[in-house]
Amino acid sequence: MTTNGIMACLYALWLLAGTLDFHLHRRTDIGHTSGLRESALHGVQLALIGAGVLAWLSLAPSRGLAAILFALVALHAVVGYLDTASADGRRRISPAEQHVHSILDIAPWVFLLWIAVQADSTWALQTQLARAWHWWAILVPAALIVVIPWLYELRRCLAAAGARV
């Protein structure tokens, strides 16, 4: 299997871990436990990774792109810590969910390393749009199995917060 094939499989695993994580949140009734704060942190994490994916799809591989992606991945890790800390003691984080988080935590770093290895030595940021089918193949599955479940989670958390007021 090629490196690109391996990375495609890792991406699919990452997306499946993301959707499984939202399923595990639903099982612990996130709306009535850790609630809106945790769900908002999930949205921040999605936005950070989404920005990185859009940069990767839009820019030529360079040290400059790798630096941007490093900053986004590092911020994602910090927000991931805050996410887990906000849930700790408010809802049960099962061993299964902890293992799902392991995939969600490490995958961005693996992708960053893969991109950094391919980067040329320039720091310049140059537009180099990926082929249209790459955009579709990467963004549509992410929207369907990660973003939409998060929006559903956020809606449930907003409803639960409204019910408590």
Within the side chain of Trp150, is there an N or O that forms a donor-acceptor pair under 3.5 Å with the backbone of Leu46? no
Among His101, His42, His76, which residue meets the side chain to side chain donor-acceptor pair (under 3.5 Å) test with Asp83? His42
Check this for me, if you would: do Glu97 and Arg92 make a salt bridge, where the nitrogen-to-carboxylate-oxygen distance has to be below 4.0 angstrom? no
Using the benzene-type ring in the case of Trp, are the ring centres of Trp56 and Phe111 under 6.0 Å apart? no
Crowding at NE2, His134 (>12 non-hydrogen neighbours, <6.0 Å): yes
Answer yes or no: are there more than 12 heavy-atom neighbours, outside Gln126 itself, under 6.0 Å from its atom CD? no
Between Thr19 (side chain) and Leu15 (backbone), is there a donor-acceptor pair under 3.5 Å? no
For Leu144, the option from Val146, Ile148, Val147 that meets side chain to side chain contact (heavy atoms under 4.5 Å, CB included): Ile148
Is any side-chain heavy atom of Trp109 closer than 4.5 Å to one of Phe70? yes
Counting C-beta onward and ignoring hydrogens, is there a side-chain heavy-atom pair between Thr127 and Ser58 closer than 4.5 Å? no
Are Trp14 and Ile49 close enough that some pair of their side-chain heavy atoms sits under 4.5 Å apart? yes
Side chain proximity check, Leu112 to Leu72, heavy atoms < 4.5 angstrom: no
With a 4.5 Å cut-off on side-chain heavy atoms, are Trp114 and Asn4 touching? yes
Separation between CD1 (Ile103) and CG (Leu16), nearest 0.5 Å, reads 9.0 Å
CG of Leu36 to CZ of Arg156, rounded to nearest 0.5 Å, is 12.0 Å
Quick check on the hydrophobic clustering: are Val140 and Met7 connected, directly or via other members, by side-chain heavy-atom contacts under 4.5 Å? yes
State whether the side chain of Ser39 and the backbone N or O of Gly35 hold a donor-acceptor pair below 3.5 Å, judged by distance alone. no
Passes side-chain hydrogen bond (donor to acceptor under 3.5 Å, both in side chains), Thr28 versus Arg91? Steps please. CA-CA 6 Å; Thr28 60; Arg91 68 175 182 85; 3.1 Å; yes
With a 3.5 Å distance limit and no angle check, can you tell me whether Thr122 reaches the backbone of Ser62 through a side-chain donor-acceptor pair? no
Distance from Thr3 atom OG1 to Leu10 atom CG, nearest 0.5 Å? 12.0 Å
State, yes or no, whether a side-chain contact exists between Leu48 and Val73 at a heavy-atom distance under 4.5 Å. no
4.5 Å side-chain heavy-atom contact, Ile30 and Cys157: yes
If you draw a 6.0 Å radius around CZ in Arg27, do more than 12 non-hydrogen atoms from other residues or ligands fall strictly inside? no
Tyr11, OH atom: more than 12 neighbouring heavy atoms under 6.0 Å: yes
Are Leu113 and Leu59 grouped together when hydrophobic residues (ILVMFWY) are joined by side-chain heavy atoms under 4.5 angstrom apart? no
Do Leu125 and Leu129 belong together in a cluster built from hydrophobic side chains that touch within less than 4.5 Å? yes
